[in-house]
Amino acid sequence: AGVKEDSFNVLDLAEYTKNRPWWRKVFAPSSGSSAEKYNVATQLVIGGVTGWCTGFIFQKVGKLAATAVGGGFFLLQIANHTGYIKVDWKLVERDVNKAKQQLKFHSSGNKMSPEVKSRVDEVIIFLKKNVILTGGFAGGFLLGMAS
């Protein structure tokens, strides 16, 4: 009986993924913009569903955070009023003024670092390429916040 030789192709994943962006590694090597992969209705549905889920979760977390902050502030006011806590208002005023000065200093420069600028440009390019998906996401997000 003859021995059959099988030949295997070896794919070096480290070399294959070295020059690819992270989103292409995750979604597929041929993934471009969603406009190239999906029709308009599919893009709107995907964007709308993910936007609604995000908005709904954002609304719930927002309510929880507002309740926690408000409740904490209320408890601190009660503790201050009953004498458990003494607030040094001069120190508070000094720290607030210092924070205002730092905000004025940082906002006067108004220059982005190159890393931030490149990320912002990357996001803008993605949004332009996937405008239908983004629109569906925005609409779904608003519906999720309202529900």
Side-chain angles (χ1 to χ4, degrees), residues 7-82 84-147:
S7 63
F8 294 99
N9 290 334
V10 178
L11 175 63
D12 186 3
L13 290 177
E15 287 298 318
Y16 180 72
T17 60
K18 195 176 279 185
N19 294 324
R20 297 190 180 278
W22 66 268
W23 59 86
R24 290 204 178 155
K25 292 177 198 172
V26 171
F27 294 112
S30 63
S31 73
S33 70
S34 62
E36 297 169 1
K37 291 171 54 177
Y38 303 111
N39 64 24
V40 173
T42 306
Q43 290 178 59
L44 283 174
V45 168
I46 291 171
V49 168
T50 55
W52 183 85
C53 292
T54 304
F56 187 76
I57 292 169
F58 190 78
Q59 177 201 29
K60 296 299 179 189
V61 170
K63 283 182 181 178
L64 180 66
T67 303
V69 169
F73 183 72
F74 181 70
L75 289 175
L76 284 173
Q77 287 298 324
I78 290 174
N80 182 35
H81 183 70
T82 56
Y84 286 107
I85 297 173
K86 295 286 183 196
V87 178
D88 185 356
W89 291 108
K90 298 260 185 224
L91 180 63
V92 171
E93 184 179 358
R94 190 181 75 212
D95 288 344
V96 167
N97 287 334
K98 189 188 301 181
K100 282 182 186 177
Q101 292 300 321
Q102 287 180 345
L103 284 174
K104 285 180 186 175
F105 175 74
H106 288 302
S107 65
S108 65
N110 204 13
K111 296 196 176 172
M112 284 192 279
S113 68
E115 298 86 23
V116 173
K117 185 165 178 20
S118 70
R119 293 290 178 203
V120 168
D121 291 342
E122 203 173 296
V123 168
I124 289 171
I125 289 168
F126 174 81
L127 293 177
K128 284 181 180 177
K129 282 186 177 179
N130 300 294
V131 70
I132 296 171
L133 185 73
T134 305
F137 180 85
F141 181 80
L142 293 174
L143 286 174
M145 288 290 289
S147 59

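- When the side-chain contact (heavy atoms from CB on, under 4.5 Å) test is applied to D88, the partners found at least two apart in sequence or on another chain are K90, L91.
- Side-chain contact between N97 and Q101 is absent, with no heavy-atom pair separated by less than 4.5 Å.
- Residues passing the side-chain contact (heavy atoms from CB on, under 4.5 Å) test with V92 are V87, W89, V96, sequence neighbours excluded.
- For A138, there are no side-chain contact (heavy atoms from CB on, under 4.5 Å) partners two or more places apart in sequence or in a different chain.
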With a 3.5 Å cut-off and sequence neighbours excluded, list the donor-acceptor pairs that the side chains of residues 46-62 form with protein atoms.
from, atom 1, to, atom 2, distance (Å)
T50, OG1, I46, O, 2.9
T50, OG1, G47, O, 3.1
W52, NE1, S147, OG, 3.3
T54, OG1, T50, O, 2.7
Q59, NE2, M145, O, 3.2
Q59, NE2, S147, O, 3.1

Side-chain atoms of residues 71-81: list all donor-acceptor pairs with protein atoms under 3.5 Å, sequence neighbours left out, distances to 0.1 Å.
none

